[in-house]
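Reminder, nothing fancy here: chain letters follow the sequence lines and each chain counts from 1. These values consider heavy atoms only, across backbone and side chains, with no hydrogens, waters or symmetry-generated copies.
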There are 2 protein chains.
Amino acid sequence: MNEVIRVLVADDHAVVRAGIVALLAAEPGIEVIGEAVDGEHAVELALSLRPDLVVIDVRMPKLTGDVATARIRERAPEVRVLVLTTYESDASILSAIEAGASGYLLKAAPAEELIAGVRSVAAGEVALSPTIAAQLVARMREPAPAALTPRETEVLRLVADGLSNREIGERLFLGESTVKTHLLRTFEKLGVNDRTRAVTLAMQRGLI
Amino acid sequence: MNEVIRVLVADDHAVVRAGIVALLAAEPGIEVIGEAVDGEHAVELALSLRPDLVVIDVRMPKLTGDVATARIRERAPEVRVLVLTTYESDASILSAIEAGASGYLLKAAPAEELIAGVRSVAAGEVALSPTIAAQLVARMREPAPAALTPRETEVLRLVADGLSNREIGERLFLGESTVKTHLLRTFEKLGVNDRTRAVTLAMQRGLI
DNA sequence: GCAGGAGTCCACCGATCGGTGGACCCGAGA
DNA sequence: TCTCGGGTCCACCGATCGGTGGACTCCTGC
């Protein structure tokens, strides 16, 4: 690898963007060729600049990191994507990887880890933060990944808003019994037995 | 103001720290004299280095930003504090300002705003992000700031964990009726009428 | 010294929820 | 073709919750 690694940095937070750029630009063999401030912008620049890799934040305006990743990989498969997240427990970890991300690091990671991650991904390898790798393995071991159906998610979101089963039924043009069925199934998937815990768990996992 | 502004940067995220440092160090008249990786470290360095101001993240290991702010202001009142947050709706905004912070900016703020904020605070002024300023005003207008008592917070946290009133009573050595009393008062303060909505609201406001 | 708020406790009732055990339709994939 | 899973619906029951209206202790502040 004697070529310079050309990197596009995408993050809506100015300070974070500056941080990634500062860390990467200081490294020999790494060059930051562009900065994007939201998801759409990231996709545009990725397609026009064709960097070796994009360092992208999961949570961004306009397009979330995982959707942006999918768009980039779809139209420019040779561009690799390294996703950054603030939270260890983010539902988008899985979806970003499914979307074709080659790495997933925590923002809390030390600078060396980020730089090593960039080099690994540019070299065609995969880069995962240890905690995220452990989480992936854990999810694989669990038989049920607790993926909620669209309807279940919809119902749970209304529960989070404090609506009763009857009110949810009215809102969704469903019978109260149907709402309860969805909810019961949701409880089962999440391994809880009351609506409140279901909501907090779903929020923590980024499900709603 | 012909002197150089001496700044201490405290953030547990390496990339964010690097970003703030990069943005500030590039400015004439601003010098970064130290970096802290957690709350305790920030207090230590603030006391030993005596910077003109500390740029500090709200959420940090060991000591949260507001507590660290209070400690610094207590033992070194001449050191000003500028707090950074990721979230607009953070309960710690108020407590940080009460603790003596001179400014409160969003990490999503453009670089110029951060730099202007640093200069303002160093000059003895106050720096607030527009959205945060608006939020403060809104809170002032509301008669009840919905501050929960320690007991109410404790009960609500257990509710969030999915415990029933009876279970919470057992856990806290209280009667079930007492738990209900606390909850009812909590509902009133938050303006809701069911436990689930109370929990989601409290989570959104950073109360639990 | 006394008001007021936090914390504790009680009884009681109607409403809602959790849980069970069904049933039917329909579309996708084996 | 037929199975399987998502989505819809129903009845029924006991458990729990929301809400009311009290009452008693502390402790802090005016």
Next item on the list: Would you mind checking if Asp57(A) and Arg17(A) are paired as a salt bridge, meaning a charged N to carboxylate O distance below 4.0 Å?
Entry: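 Looking at Arg17(A) and Asp57(A), the cut-off is not met.
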Check: Are Arg59(A) and Asp11(A) ion-paired here, with the side-chain N under 4.0 Å from a carboxylate O?
Finding: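 So Arg59(A) does not pair with Asp11(A) through a salt bridge.
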Checklist line | Contact nearer the 5' end of DNA chain D, comparing Asn193(B) with Arg185(B) | finding: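 Nearest-nucleotide comparison on DNA chain D picks Asn193(B).
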Notebook entry, point to check: Between Glu154(A) and Arg157(A), does a salt bridge (Lys or Arg N to Asp or Glu O under 4.0 Å) hold up when you go through it step by step?
Noted result: CA-CA 5 Å; Glu154(A) 208 173 359; Arg157(A) 201 168 278 140; over 6 Å; no
Notebook entry, point to check: Does the side chain of Arg80(A) come within less than 4.5 Å of Val54(A)'s, by heavy atoms?
Noted result: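 No - every pair of side-chain heavy atoms lies 4.5 Å or more apart.
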Check: So which heavy atom on Leu148(A) is nearest to which on Lys189(A), and how close?
Finding: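 Closest pair (atom of Leu148(A), atom of Lys189(A), distance): CD2-CD, 3.8 Å.
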Next item on the list: Walk along DNA chain C from 5' to 3' and tell me the first and last nucleotide with an atom closer than 4.0 Å to a non-hydrogen atom of chain B.
Entry: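 Answer, 5' to 3': dA6(C) to dC10(C).
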Next item on the list: List in numerical order all residues of residues 158-169 of chain A for which some heavy atom is under 4.0 Å away from an atom belonging to DNA chain C.
Entry: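 Close to the strand are Ser164(A), Asn165(A), Arg166(A).
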Margin query: Tell me the interatomic distance from Leu174(A), atom CG, to dG7(D), atom P, rounded to whole angstroms.
Written below: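 Rounding to the nearest Å, CG of Leu174(A) and P of dG7(D) are 11 Å apart.
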Checklist line | Position toward the 5' end of DNA chain C (nearest nucleotide), Ser177(B) or Pro150(B) | finding: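 Per heavy-atom nearest nucleotide, the more 5' residue is Pro150(B).
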Item checked: Over 12 foreign heavy atoms within 6.0 Å of CZ, Arg171(A) ->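 Atom CZ in Arg171(A) is not packed in, count stays at 12 or less.
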Margin query: Run Ile30(B) and Arg119(B) through side-chain contact (heavy atoms from CB on, under 4.5 Å) and show every step you take.
Written below: CA-CA 8 Å; Ile30(B) 299 180; Arg119(B) 295 199 192 278; 4.0 Å; yes
Check: Under the side-chain contact (heavy atoms from CB on, under 4.5 Å) criterion, do Thr64(B) and Val67(B) qualify, and how do the steps go?
Finding: CA-CA 6 Å; Thr64(B) 56; Val67(B) 178; 3.4 Å; yes
Margin query: Applying a 4.0 Å non-hydrogen cut-off, can you work out what Thr178(A) is touching in the nucleic acid: base, sugar-phosphate, or nothing?
Written below: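 Since a base atom lies under 4.0 Å of Thr178(A), the category is base.
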